[in-house]
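Protein chains get the first letters and strands the later ones, always in sequence-line order, with residue 1 at the start of each.
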Amino acid sequence: MARILITSAIPYINGIKHLGNLVGSQLPADLFARFNRAMGHEVMFICATDEHGTPAELAAAKAGKPVADYCAEMHDVQAEIAKGFRLSFDHFGRSSSQRNHKLTQHFAGVLAENGLIREVSEKMIYSIDDGRFLPDRYIEGTCPNCGFDSARGDQCDNCTKQLDPTDLINPRSTISGSTNLEERETKHLYLMQRALKDKLGAWIDSKADWPLLTTSIAKKWLNDGDGLQDRGITRDLHWGIPVMKGDQPWPGMEGKVFYVWFDAPIEYIAGTAEWADANGLGDEAWQRWWRTDKGAADVTYYQFMGKDNVPFHTLSFPATILGSGEPWKLVDYLKSFNYLNYDGGQFSTSRGRGVFMDQALSILPSDYWRWWLLSHAPETSDAEFTWENFQASVNKDLADVLGNFVSRVTKFAKSKLGETVPAAGEFGPMETALIADLGVRIADYTRAMEAMEVRKAAGELRAIWVIGNEYLQAAAPWSVVKTDPDHAQAQIRLALNLIRIYAILSAPFIPDAAQAMMSAMASEDWTWPSDVHAAIRALPASHAFTVPENLFRKITDEERTEWQAQIGRAHV
RNA sequence: GGCUGGGUAGCUCAGUUGGUUAGAGCACGUGACUCAUAAUCACGGGGUCGGGAGUUCAAAUCUCCCCCCCGCCA
């Protein structure tokens with residue numbers, strides 16, 4: 001039994017995520033977590049909300065709520081939606097937790113001790129009317145490059161150029177709209193990533209099995225131009241983790257907080273500590289996942305994220321870990337995804353374009369979405385969501401191929417042979433061939449899942465569903481039952497067992513339907529069917545089963561047209 | 001301007017180290033079956049693999065040039 005640590009990139013707190021966010025991190029991470037649990041491995045699967053930074057403050061202000069309250073509410077909303085999608089986190093934490101405060105301050109403290117933090121004085125824009133500095137999105141003005149009049153302090157949304165607040169023409173506060181601004185000297189902490197460049201480079205080079213997409217991004221940041229730059233890790237904000245050197249005050253840093261990108265990945269560790277707390281366990285319970293000196297040496301750590309998150313996970317966060325000099329677990333395999341596009345354009349949270357997680361659940365059960373998203377996961381390139389494709393794929397794969405298989409087998413069995421697994425007859429050549437084929441395919445499927453080849457795994461799983469229909473069509477128990485009833489019993493015994501096997505194999509993709517299949521077969525044996533010969537005989541003769549409701553209904557053209565018109569246009 | 005990825009059947013995509021008539025699913029056509037969610041199964045039509053040049057006995061696959069698309073960076 002292996003020990004598998006899995007983290008999904010943590011979704012930002014300000015609002016409900018769209019399907020593109022979901023398929024790029026949380027959903028494939030969940031697939032992998034469910035698969036590894038099914039294989040009997042010990043799994044720790046952690047996610048959280050990323051709560052600090054200016055967008056949270058702005059969203060809270062817009063909602064007219066204190067930022068802490070806003071984050072608490074939005075965390076619950078996201079947690080509820082995650083449940084709706086059956087995301088099987090062991091813990092869904094919060095980057096604003098006390099655990100993360102302590103850990104983030106701890107890391108800053110040891111980094112300082114190791115001489116990897118320097119203090120920098122710089123000029124920032126100060127709003128006299130608001131009584132505060134205006135970092136990042138707290139300031140807007142005209143872009144000096146393209147003339148866009150709502151460019152933000154950190155970036156222009158129109159031409160995408162990175163900006164400094166001091167670059168903006170006619171700057172104004174986004175809090176009060178005040179233009180009564182001045183430049184003031186302020187002090188900030190920088191993480192000296194340049195000093196860690198060689199260490200990071202050697203570490204990246206040791207990851208020969210990572211996708212090119214991942215290592216090339218890391219190497220580019222590491223080597224291009226002047227190479228990896230030191231990074232500011234503090235901000236003049238109120239909402240965040242107060243700057244402390246371990247548990248000691250940090251002179252000159254009073255009233256400042258750590259930058260969101262410094263504390264967010266630390267939440268992977270803190271979230272595991274939150275898990276221990278929530279379950280009444282001691283520190284050793286979470287440390288055996290994260291500290292190689294405290295039991296984590298045999299842990300394999302997998303991270304899942306969209307490609308935009310790769311630099312932070314290959315460089316910034318590892319810089320924190322390596323720089324600490326402490327034996328924390330570094331990521332072993334990083335699975336990154338491209339983007340999902342929506343009907344010819346991008347999904348966009350700010351423009352409300354696309355399908356959002358709450359909308360998706362309001363129109364169809366999660367299995368529909370899980371299946372489509374995972375079987376079309378943007379692994380090698382960007383992928384495209386269209387309603388037509390969604391309707392066609394889901395109707396065909398889930399309703400016609402899998403759902404109908406379960407339906408035809410159980411209904412036929414019940415009407416002709418009764419509601420127990422028939423006992424008579426022996427398997428013949430056709431059954432033997434099917435079992436052999438099934439064994440090969442299960443092995444292929446298992447390999448694809450182990451390798452996190454999501455689309456390929458979905459294809460293998462679908463093929464496994466299809467051979468059930470092929471077998472039935474060729475075996476034709478509805479004819480055989482008239483001439484050789486004993487053999488028909490053997491055929492149906494096999495088909496019923498196939499349903500149970502399908503439940504196990506399908507569970508990582510479509511957990512609800514899998515449970516329905518397993519319940520209908522009145523079994524609780526979820527043993528992965530690596531031993532096909534045993535698995536195909538798991539349901540003994542005379543074992544009772546029931547005919548389930550149809551597993552999947554079809555999406556009609558009317559529904560598709562309606563959703564197409566109503567969703568993804570203006571969701572705010 | 002630099003970089004990653006991509007441009008393969010109507011659509012969504014596979015194509016390992018270059019090697020027999022380029023594959024899958026969907027859609028389409030024909031047939032079979034009638035247990036089942038008008039489902040299933042079989043067979044078939046359909047592609048000069050973005051364009052051009054080159055290397056090779058042999059290239060979707062390698063090299064060079066060019067043209068598009070998504071994204072990242074400057």
| note | Rounded to whole Å, the CG-P distance (A:Asn338 to B:G7) equals 12 Å
| message | Between C1' on B:U40 and CG on A:Leu402, what's the gap in Å once rounded to a whole number? | response | 13 Å
| task | Provide the distance between the two P atoms, one in B:G31 and one in B:C68, to the nearest whole Å. | result | 48 Å
| task | Using the C1' atom as the reference point in each nucleotide, state the distance between B:A22 and B:U8 in Å, no decimals. | result | 8 Å
| Within this structure, what is the CD1-to-P distance between A:Ile492 and B:A36, rounded to whole angstrom? | 12 Å
| message | If I take atom CH2 in residue A:Trp371 and atom P in nucleotide B:G25, what distance separates them, rounded to the nearest angstrom? | response | 14 Å
| task | To the nearest Å, give me how far apart NE2 (A:His376) and P (B:A24) are. | result | 17 Å
| Is the A:Phe390 ring parallel, tilted or perpendicular to the A:Trp372 ring (thresholds 30°, 60°)? | perpendicular
| note | A:Lys416 atom NZ is separated from B:A36 atom P, nearest whole Å, by 7 Å
| query | Contact class for A:Phe552 (heavy atom, under 4.0 Å): base, sugar-phosphate, or nothing? | reply | base
| If you find the nucleotide of RNA chain B closest to A:Gln473 and the one closest to A:Arg408, which residue's nucleotide is nearer the 5' end? | A:Arg408
| field | Distance under 6.0 Å and angle within 45° of ring axis: A:Lys335 vs A:Phe337 | value | yes
| field | Pairing nucleotide - B:G44, Watson-Crick or G-U, each distance under 3.5 Å | value | B:C28
| note | Per atom distances to the A:Arg455 side chain, the nearest of B:C26, B:C41, B:U12 is B:U12
| said: Checking base pairs now: Watson-Crick or wobble, both atom distances under 3.5 Å. What partners B:A22? | reply: none
| Complement of B:A9, any strand, by Watson-Crick or G-U distances under 3.5 angstrom | none
| Going by modelled atom types, is there a donor-acceptor pair between the base of B:U12 and the side chain of A:Glu384 at under 3.5 Å? | no
| task | Rounded to whole angstrom, note down the C1' distance from B:C64 over to B:U55. | result | 11 Å
| What integer distance in Å separates A:Tyr339:OH from B:U4:C1'? | 12 Å
| On a whole-Å scale, what distance lies between the C1' atoms belonging to B:G47 and B:C28? | 16 Å
| request: Please state the P separation for the pair B:C67 and B:A59 - nearest whole angstrom. | output: 26 Å
| said: When you measure from the centre of the six-membered ring of A:Tyr259, is the NZ or CZ of A:Arg235 closer than 6.0 Å and no more than 45° off the axis? | reply: yes
| Which one, B:A39, B:C41, B:A36, comes nearest to the side chain of A:Asp400? | B:A39
| N/O (side chain, A:Lys411) to phosphate O (OP1/OP2, B:U37) under 4.0 Å | yes
| Would you say the side chain of A:Arg231 lies within less than 4.5 Å of the side chain of A:Phe262, judging by non-hydrogen atoms? | no
| For atom P, what is the distance between B:U63 and B:G7, given to the nearest Å? | 15 Å
| note | Side-chain atoms of A:Asn550 come closest, of B:U37, B:A42, B:U12, to B:U37
| said: Would you say A:Lys554 places a side-chain N or O within less than 4.0 Å of OP1 or OP2 belonging to B:A39? | reply: yes
| Passing candidate, side-chain contact (heavy atoms from CB on, under 4.5 Å) with A:Trp387, options A:Glu559, A:Glu562, A:Gln564 | A:Gln564
| Separation of atom CD1 in A:Ile467 from atom P in B:U40, rounded to whole Å | 16 Å
| request: Only counting residues at least two apart or in another chain, list the ones meeting side chain to side chain contact (heavy atoms under 4.5 Å, CB included) with A:Pro318. | output: A:Leu200, A:Trp203, A:Leu330
| query | Base, sugar-phosphate alone, or nothing: which one does A:Val466 contact when heavy atoms must sit under 4.0 Å apart? | reply | sugar-phosphate
| field | A:Ser530 side chain near A:Ile442 side chain, heavy-atom distance below 4.5 Å | value | no
| Out of B:A42, B:A27, B:C35, which has the shortest distance to the side chain of A:Trp478? | B:C35
| Which residue, A:Lys482 or A:Glu453, contacts RNA chain B at a nucleotide closer to its 5' end, judged by nearest heavy atom? | A:Glu453
| query | Looking only at atom P, what distance separates B:G15 and B:G50, rounded to whole Å? | reply | 15 Å
| Distance between the P atoms of B:A74 and B:G23, in whole angstroms? | 45 Å
| field | Short side-chain N/O contact from A:Arg462 to OP1 or OP2 of B:C26, under 4.0 Å | value | yes
| Does B:A39 have OP1 or OP2 sitting under 4.0 Å from an N or O in the side chain of A:Lys396? | no
| query | What nucleic acid atoms does A:Leu551 come within less than 4.0 Å of, heavy atoms only: base, sugar-phosphate, or nothing? | reply | base
| said: Any strand counts, and the cut-off is 3.5 Å on both contacts for Watson-Crick or G-U wobble. Which nucleotide pairs with B:A39? | reply: none
| message | When you measure only distances, ignoring hydrogens and angles, does the side chain of A:Asn404 come within 3.5 Å of the base of B:A36 through a donor and an acceptor? | response | yes
| request: Could you please name the partner base of B:C62, counting Watson-Crick and G-U wobble pairs only when both distances are under 3.5 Å? | output: B:G54
| task | Report the relative orientation of the aromatic rings in A:His313 and A:Tyr268; use parallel for angles under 30°, tilted for 30 to 60°, perpendicular for over 60°. | result | tilted
